[in-house]
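Note sheet for the following structure.
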Amino acid sequence: MTCLNRRSLWITVFFLFASVLLLFSGCQKNPSQMSISDVGFYFDTVVEIKLNGTEDESILKECFDLMAEYESLLSRTREGSDVWKINHNAGTPVSVSEDTVSLIRLARKYYDLSDGAFDITIAPYVTLWDFQNNPGTIPTKDELTAASKHVGFENVQVSGNTVTLADPETQIDLGGIAKGFIADRLKEYLTKEGIESAWINLGGNVLTIGMKPDKSPWKIGIRKPFGAATETAAVICVSGKSVVTSGTYERYFEKDGTIYHHILEPKTGQPVQNHLYSVTILSDSSADGDALSTTCFVLGKEDGIELVESLDGIEALFITDEQELIYSSGFPHQ
Ligand code: ADP
Ligand code: MG
């Protein structure tokens with residue numbers, strides 16, 4: 001073998017070895033660099049899940065399967081869901097899943113805590129307003145008054161896994177609490193799978209697990225009501241917490257200068273008009289945050305702040321219709 005041939009043989013061996021090394025190092029990705037995410041459309045809103053430290057697509061898929069399952073259990077409009085069965089059984093007892101029962105019991109807790117400001121029996125009003133499809137038709141006073149006769153949590157009786165509506169025309173709507181509850185269930189599942197860093201966003205209902213991969217907290221922007229989609233009124237840094245906002249700007253129509261939105265006064269069925277644009281709740285549990293964001297919106301800034309201050313581990317930001325920011329005493333604002 002000539003000297004030249006031997007040299008080219010060594011060069012070939014070197015490059016082969018180097019490319020195997022490169023391939024190998026490609027497989028050995030540092031877990032802190034691994035990340036997968038996906039978006040979908042559930043509960044009439046865009047949802048996004050981002051998992052760090054894993055590339056296991058089956059975990060991500062299970063999250064979306066879980067959301068589909070919960071949607072078919074808790075949707076008011078989907079025929080055959082637990083909520084649909086409760087609402088369409090003319091007051092006869094209906095056997096439902098444990099999740100549905102625990103959600104109704106949690107809703108009852110916030111009904112009691114708020115003296116009825118949070119009330120899932122507002123469903124007849126929700127049907128009348130139909131904000132999902134309504135371009136601007138205001139229900140008449142008579143229609144709302146007739147519906148109000150069937151509103152009241154006292155009409156909902158829960159015993160074991162059975163739910164009975166004392167008034168056959170009463171109906172329930174879990175729209176003010178379900179997304180938070182589902183976010184908590186997703187977090188439970190992901191934690192069980194060993195996920196230590198994740199971001200769950202169910203249409204602005206954000207729940208985090210741990211910190212970001214670089215060990216810094218998650219930065220969550222709170223939207224400026226009626227501002228551009230990316231415009232923030234405040235930014236908070238959190239780790240493992242839930243941040244949920246209820247606002248007039250989420251589902252509404254405007255007529256003759258009045259904003260008609262989807263957070264309703266249980267006594268009258270009218271959209272709450274109390275000079276608030278939004279309420280954001282910071283909490284550990286997203287179900288608590290979801291229920292409380294709606295509750296505090298209905299209560300208004302004085303009673304809402306008072307309720308938040310009386311609860312452990314809950315903080316709030318109220319934004320008025322003059323874009324004034326009102327924080328609870330322990331809110332971690334910058
Ligand atoms: P979003 O669903 O946009 O995140 P909310 O959490 O504030 O906002 O929920 C608003 C939904 O809650 C309404 O669309 C309706 O289904 C329901 N809701 C409206 N008013 C009340 C109320 N006073 N108590 C309980 N639920 C309510
Ligand atoms: Mg809510």
Side-chain angles (χ1 to χ4, degrees), residues 41-47 70-71 74-78 83 87 103-104 106-134 139 144 147-148 151-153 156 170-184 200-207 222-223 225 242-253 260-274 276-283 285-300 303-304 307-308 314 316 318-319:
F41 195 81
Y42 294 89
F43 332 116
D44 282 318
T45 188
V46 177
V47 302
Y70 278 116
E71 184 165 44
L74 304 173
S75 160
R76 180 179 57 91
T77 49
R78 181 152 324 172
V83 171
N87 289 345
L103 194 42
I104 294 174
L106 189 67
R108 175 73 201 211
K109 172 182 157 185
Y110 287 101
Y111 173 78
D112 292 336
L113 257 182
S114 66
D115 250 335
F118 184 83
D119 188 343
I120 56 170
T121 67
I122 41 75
Y125 302 142
V126 176
T127 307
L128 285 173
W129 284 99
D130 189 21
F131 281 103
Q132 252 94 323
N133 310 300
N134 187 349
L144 291 171
S148 73
V151 173
F153 216 134
V156 183
T170 294
Q171 297 204 332
I172 63 168
D173 175 309
L174 299 173
I177 189 170
K179 277 186 286 172
F181 178 85
I182 295 161
D184 287 336
I200 300 163
N201 182 355
L202 311 186
N205 195 123
V206 175
L207 181 60
I222 295 163
R223 260 187 74 181
S242 158
V243 180
V244 181
T245 301
S246 286
T248 53
Y249 56 88
E250 285 164 0
R251 265 182 223 280
Y252 73 99
F253 61 78
Y260 294 91
H261 62 87
H262 70 150
I263 304 170
L264 306 169
E265 177 57 61
K267 284 194 186 75
T268 62
Q270 297 287 353
V272 175
Q273 306 289 356
N274 59 8
L276 280 178
Y277 269 169
S278 73
V279 177
T280 298
I281 299 287
L282 176 63
S283 58
S285 142
S286 206
D288 289 334
D290 197 359
L292 277 169
S293 65
T294 312
T295 303
C296 289
F297 193 102
V298 182
L299 286 176
D303 290 354
L307 174 62
V308 167
I314 308 285
F318 290 65
I319 304 183

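As the structure lists them, so they are numbered: ligands from 1, and atoms in each ligand from 1.
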For Ala117, is at least one N or O under 3.5 Å away from an N or O on ligand 1? yes

Which word best sums up how the rings of Phe131 and His262 line up, parallel for under 30°, tilted for 30 to 60°, or perpendicular for over 60°? perpendicular

Using a 4.0 Å heavy-atom threshold (strictly under), name the region of Lys179 that reaches ligand 1: side chain, backbone, both or neither. side chain

Looking at ligand 1, would Pro266 count as a contact under a 4.0 Å heavy-atom criterion? yes

for atom 14 (O) of ligand 1, nearest protein heavy atom and its distance come out as His262 ND1, 3.1 Å

Mark the output for Asn205 as yes if a heavy-atom distance to ligand 1 is under 4.0 Å, and as no if none is. no

Which protein heavy atom lies closest to atom 24 (N) of ligand 1, and at what distance to 0.1 Å? Asp119 N, 2.9 Å

Could you tell me whether a side-chain N or O of Tyr111 sits under 3.5 Å from a main-chain N or O of Ile120, the two making a donor and an acceptor? no

Specify the protein heavy atom at minimum distance from atom 3 (O) of ligand 1: its residue, its atom name, and the distance to 0.1 Å. Glu250 OE1, 2.8 Å

Quick one: look up the protein heavy atom nearest atom 7 (O) of ligand 1 and list residue, atom name and how far away it is. Ser246 OG, 2.5 Å

Within 2.8 Å of the Mg ion (ligand 2), is there any N, O or S atom belonging to Thr294? yes

Between Asn274 and Phe297 (side chain of the first, backbone of the second, donor and acceptor by atom type, cut-off under 3.5 Å), is there such a pair? yes

Without swapping roles, check the side chain of Asp119 against the backbone of Pro266 for a donor-acceptor pair under 3.5 Å. no

With Cys296, the side chain to side chain contact (heavy atoms under 4.5 Å, CB included) member among Asp303, Ile314, Val308: Val308

Can you check salt bridge (charged side-chain N to carboxylate O under 4.0 Å, His left out) on Arg76 and Asp173, steps first, answer last? CA-CA 6 Å; Arg76 180 179 57 91; Asp173 175 309; 3.1 Å; yes

Main-chain N/O of Gly247 paired to Ser278 side chain as donor or acceptor, under 3.5 Å: no

Strictly distance-based, threshold 3.5 Å: is any side-chain N or O of Glu265 a donor or acceptor partner for the main-chain N or O of Val272? no

Heavy-atom nearest neighbour in the protein, as seen from atom 18 (N) of ligand 1, with distance rounded to 0.1 Å: Ile122 CD1, 3.7 Å

Does Ile263 reach ligand 1 with a nitrogen or oxygen that is under 3.5 Å from one of the ligand's nitrogen or oxygen atoms? no

In terms of residue, atom name and distance, what is the protein heavy atom nearest to atom 17 (C) of ligand 1? Gly176 N, 3.7 Å

Give a yes/no answer: is there an N/O/S atom of Ala291 under 2.8 Å from the Mg ion (ligand 2)? no

Okay, side chain of Asn87, backbone of Ile172: is any donor-acceptor separation there less than 3.5 Å? yes

So, does Trp129 use its side chain to make a donor-acceptor pair with the main chain of Asn134 at under 3.5 Å? no

In terms of atom number and element, which parts of ligand 1 are under 4.0 angstrom from non-hydrogen atoms of Val298? 23 (N)

Per-atom contacts, ligand 1 versus Asp290 - under 4.0 Å to a heavy atom: 6 (O)

Can you tell if the side chain of Tyr70 reaches within under 4.5 Å of the side chain of Phe181, non-hydrogen atoms only? yes

Please report which non-hydrogen protein atom sits nearest to atom 23 (N) of ligand 1, along with the residue it belongs to and the distance in Å to one decimal place. Leu264 O, 2.8 Å

Ligand 1 versus Asp173: contacting region, heavy-atom distance under 4.0 Å: side chain

Among Ala123, Ser293, Gly175, whose heavy atom sits nearest atom 11 (C) of ligand 1? Gly175

